[in-house]
Protein chains: 2
Amino acid sequence: MSAIADVARLAGVAKATASRALSGHGYVSAETRDKVIAAAREIGYVASPNAASLVTGRTQNVGVIIPFISRWFFGEVLESLEQALLVQGYDMTLYNLPPASPERDRVFDFFLARKRFDGIISVGVALSEQEVDHLHRLGRPLVGIGGPIRGVPTIEIDDVASARLATEHLLSLGHRDIVHVGGSQIDEMDFHVHSNRLRGFQAAMVAAGLSVSGCFYAAEFTMPGGYERGLALLGDPRRRPTAIFAASDEIAFGLILAARELGIRVPTELSVIGIDGHPHAEMFRLTTLVQYPRAQGELAVRILLAELGTRGGAAESTVLPTSLVIRASTSAPRARPH
Amino acid sequence: MSAIADVARLAGVAKATASRALSGHGYVSAETRDKVIAAAREIGYVASPNAASLVTGRTQNVGVIIPFISRWFFGEVLESLEQALLVQGYDMTLYNLPPASPERDRVFDFFLARKRFDGIISVGVALSEQEVDHLHRLGRPLVGIGGPIRGVPTIEIDDVASARLATEHLLSLGHRDIVHVGGSQIDEMDFHVHSNRLRGFQAAMVAAGLSVSGCFYAAEFTMPGGYERGLALLGDPRRRPTAIFAASDEIAFGLILAARELGIRVPTELSVIGIDGHPHAEMFRLTTLVQYPRAQGELAVRILLAELGTRGGAAESTVLPTSLVIRASTSAPRARPH
DNA sequence: ACCAAGTCTGGAACCGGTTCCATGAAGGCC
DNA sequence: GGCCTTCATGGAACCGGTTCCAGACTTGGT
C-alpha cells in the first residue's frame with residue numbers, strides 16, 4: 001500500500017532521492033539516507049518489484065525447467081538451486097516438464113515468453129533445436145545441467161568415463177560376465193545420459209576383450225524398475241551374470257532387492273555397482289560412483305549470475321568429477337562351477 | 001521489445017483499443033479486434049506481465065512454501081500443484097523451507113513481502129503465530145495442505161483416524177504386541193502429523209484394552225530412518241513385537257529391510273503396516289493406508305483460485321479420505337511359544 | 001422527431017518505481 | 001578570485017500496460 005512517494009514525503013525529500021537512498025545507486029548524503037531509511041522502516045515500506053523490473057528489466061527471479069521432481073538427482077539439484085538463488089536474493093519459478101508433457105509447448109510459448117526471469121536453468125531436459133532457438137531469442141542467459149546444448153554453457157559429469165570406471169572396477173575384481181542395466185534411449189528422452197553410460201560400459205568391455213552383445217537390459221530409472229528387471233534377469237540361473245553395472249543407484253537398489261528375493265547373495269554370487277551416490281546407498285552397502293548434484297546446482301547458479309553481471313561473458317561448459325566409493329556390494333566372483 | 005503501442009500503431013488504433021482487443025475487456029468491434037490480433041501476431045507481441053500486474057495488482061503467479069522436495073509426499077504434492085496451476089495459466093514460485101532453515105526469516109520478510117504472487121499455498125509447514133499474521137497482512141489468500149492453520153482453509157487427511165484404522169487392522173488380525181514407529185515431535189517440526197498418528201495409534205490400543213507404554217519409537221521419516229530403528233528394535237528377540245505400525249511407508253520399507261536382514265520373516269514373524277500409498281509399496285508388498293497427495297494438491301489449487309475469484313469467500317477446511325490397501329506385509333501372528 | 005441506452009473509440013491519467021538532466025553548493029587548484 | 005570538478009538534490013520523463021472518461025455514432029422505444 002505504501003509507495004516510495006509516501007516514504008519521500010515523510011522524509012521530506014523527492015521521490016528520486018528516496019529511490020537513490022534505498023537502492024544505493026547514485027549520490028546521497030549519509031544524513032538523508034538515514035532519514036529515508038528511517039521513514040521507510042516507519043511505514044513498513046517494501047519496494048514493488050513489478051515497478052522496478054518494469055524500468056530496469058531485472059526481475060530478481062530465475063526460471064528452472066526440470067523434467068522430474070521426485071527422482072533423487074533432480075530433487076537434489078532443485079534443492080541446491082533454490083538454496084543458492086535464495087542467498088543471492090533471487091527467487092525461483094519452477095517449470096516441471098515431464099518428457100511427454102502435453103503442456104510442453106505452452107510452457108515455451110506462453111510462460112517462458114513472458115520473460116518474468118533474468119535467466120533460465122535447464123536441468124536434464126532434452127531441448128529440441130527449435131526450443132533452444134526459442135530460448136536464445138528471449139535474450140536471457142541460459143545454463144544447462146546435463147547434456148550438451150548448442151551455444152549454452154552446461155555443467156555435467158563425464159558419463160562415458162564414469163560408466164567406464166564403474167565397469168572397470170568390476171573387471172578388476174575378475175568379473176567377465178557383466179551386464180549393464182540402464183535407461184532406454186527411446187522411451188525416456190532423458191538426454192544422452194543413457195547412451196553415454198552404455199557407451200562407457202561397452203568401451204570398458206571391449207578394451208578388456210569381451211563381447212558386449214546381449215549385455216544390455218533396459219529398465220525404468222527407478223527402484224521398482226531395477227527390481228522388475230532383476231527378477232526377470234536373475235530368474236534363470238544359467239543366464240545369470242556375475243556382476244551388474246546399474247546406470248543409477250535406484251536401479252541398483254531394485255536389483256539388490258530382486259537378488260535377495262531370489263536367494264542370490266550379494267556380493268558373493270552377484271556384484272552390483274551403481275552411479276549416483278544416493279543417500280540410501282549406505283543402507284544397501286552399494287558400491288557406487290558418486291556424483292554431486294548439489295555441487296552442480298550451486299555451480300549452475302554461480303555461472304548464471306556471473307553471466308548476468310557481465311553481459312555476454314560466454315562461460316564454457318564444465319565437467320565435474322565423480323568418485324568411486326567401494327562398499328559391500330562388489331567383490332571378486334566366486335570360482336565358477338564349470 | 002515490441003510494446004502494445006507498436007501493435008496499436010500497426011493496427012491503426014489507439015493503445016487503449018489495442019489493450020481492450022487483446023485482453024478481451026470492454027467494447028471492441030469484431031473487426032478491430034481481428035485487426036489488432038493480426039498485428040500483434042505479426043510482430044510477435046507478448047504482453048509484459050510486469051506492466052500489467054503493476055496496474056491490475058494481479059501477477060498470475062502463486063507462491064508455494066514447502067519444507068522438503070525429495071520426500072515422496074512433498075514431491076508428489078509439488079508436481080500436482082505445478083500441473084494444476086499451469087493449466088490455469090499460473091506459474092509457481094517455489095520457496096523450499098526446511099525445518100531449521102537459517103533463511104526462514106528472510107523468506108518471510110523479504111521474498112514473501114515482495115508480494116509477487118496472487119496467493120500462497122503452504123505445504124506441511126508449521127507456521128508460527130507470527131508468520132501466520134505476517135502472511136495475512138499481505139492481503140493474499142492462503143491455502144494450507146496439512147495441519148490446522150488459524151484462519152486459513154486447509155486440506156488434510158484425518159491422521160488420527162487413519163492411524164487408528166491402521167492399528168485396528170493389526171488388532172483385528174489378532175496382534176496384541178504392537179509398536180508404533182513414527183516421527184518425533186521434537187526434532188522435526190513437521191506439524192501435528194506425528195502427534196496425531198501417535199494419538200490414533202494409542203486410541204486404538206487403549207480401546208482394545210492394551211497398554212501403550214513403551215510402544216512408541218521415534219525414527220527419521222525416511223527409509224534409512226526406519227532401517228536403523230528396525231535393526232535396533234528387532235535385534236533383541238525377547239522384546240520383539242509381532243507387528244509394527246509405521247507412520248510412513250518409507251519408514252515401513254526400512255523396517256522391512258531390517259527385518260529381512262535379521263532373518264525375520266514378514267509377515268509370518270512380523271507384520272508391518274504403513275501410511276502413504278508410496279509407489280514402492282507394491283514392490284515391498286506393503287499393506288498401507290493410502291492417501292492421495294495429488295488430489296490434495298489439485299484441491300488446494302482449486303480452492304485458492306476460487307478464493308481469488310470471489311474476494312473474501314472464506315472456504316472451509318477439507319478432510320480427504322484414505323483407504324486401506326491390504327498386501328502381503330500383514331497377517332495373523334504366529335502362535336506364540338509361551 | 002427526440003431522448004435514452006448501448007456500442008465503439010481515442011486521449012489521458014495512473015500503477016510505482018528508476019534514471020536522465022538541470023541546478024546549486026562545496027571543495028580543490030591555478 | 002575565477003573556474004572546474006565532485007557531491008547532493010529535485011523535477012520530469014519513462015517503462016508498458018490498464019482503465020476512466022468523454023465524445024460520437026447506432027439503435028430503439030414512444
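Naming convention: chains lettered A, B, ... in sequence-line order (proteins, then strands); numbering from 1 in each chain. Keep in mind the model is a prediction, meaning the values are calculated, not measured.
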| request: Please report, rounded to the nearest Å, how far the P atom of C:dT18 is from the CG atom of B:Asn50. | output: 13 Å
| note | Testing D:dG10, C:dT7, D:dT18 for proximity to the side chain of B:Tyr27, the answer is C:dT7
| field | Test side chain to side chain contact (heavy atoms under 4.5 Å, CB included) applied to B:Tyr45 and B:Leu22, step by step | value | CA-CA 10 Å; B:Tyr45 168 76; B:Leu22 293 171; 3.6 Å; yes
| field | Value in whole Å for how far the C1' atom of C:dT19 lies from CD1 of A:Ile4 | value | 12 Å
| note | B:Arg58 CZ to D:dT18 P, in whole Å, measures 14 Å
| Distance below 4.0 Å between A:Tyr45 side-chain N/O and C:dG17 OP1 or OP2 | yes
| said: Is the phosphate of C:dG10 approached by B:Thr17 (side-chain N or O, under 4.0 Å from OP1 or OP2)? | reply: yes
| said: Please classify the nucleic acid contact of A:Ser19 as base, sugar-phosphate, or nothing, using heavy-atom distances under 4.0 Å. | reply: base
| Cation-pi, A:Phe110 ring and A:Arg114 (6.0 angstrom, 45 degrees) | yes
| message | Closest approach to the side chain of B:Ser48, judged atom by atom: which nucleotide of D:dT19, D:dG16, C:dT18 is it? | response | D:dG16
| Upstream residue (5' side of DNA chain D) when A:Arg33 and B:Thr56 are each assigned their closest nucleotide | A:Arg33
| message | I need the CZ-P distance between A:Arg20 and C:dT19, as an integer number of Å. | response | 11 Å
| NA contact type, A:Thr32, heavy-atom cut-off 4.0 Å: base, sugar-phosphate, or nothing? | sugar-phosphate
| task | First locate atom CG of A:Leu94, then atom CG of B:Asn96, and finally report the distance between them rounded to the nearest 0.5 Å. | result | 11.0 Å
| query | Just how far, in rounded Å, is P of D:dT18 from CD of B:Gln60? | reply | 11 Å
| field | 4.5 Å side-chain heavy-atom contact, B:Phe111 and B:Thr93 | value | no
| message | Of the options C:dT18, C:dC15, C:dA13, whose atoms approach the side-chain atoms of B:Lys15 most closely? | response | C:dA13
| field | side-chain N/O A:Ser53 vs D:dC15 OP1/OP2, d < 4.0 Å | value | no
| Between C:dT18, D:dG17, C:dG11, which nucleotide gets closest to the side-chain atoms of B:Ala14? | C:dG11
| request: Write down the distance between NE2 (A:His25) and P (C:dC21), rounded to a whole number of angstrom. | output: 18 Å
| query | Starting at the 5' end of DNA chain C and moving along, which residue's nearest nucleotide shows up first, A:Ala47 or B:Ala16? | reply | B:Ala16
| Atom CG of B:Leu54 to atom P of D:dC14: distance rounded to whole Å? | 17 Å
| field | B:Ile303 side, atom CD1; B:Glu316 side, atom CD - distance, nearest 0.5 Å | value | 10.0 Å
| query | How long is the line joining CD of B:Glu31 and P of C:dT9, in whole Å? | reply | 8 Å
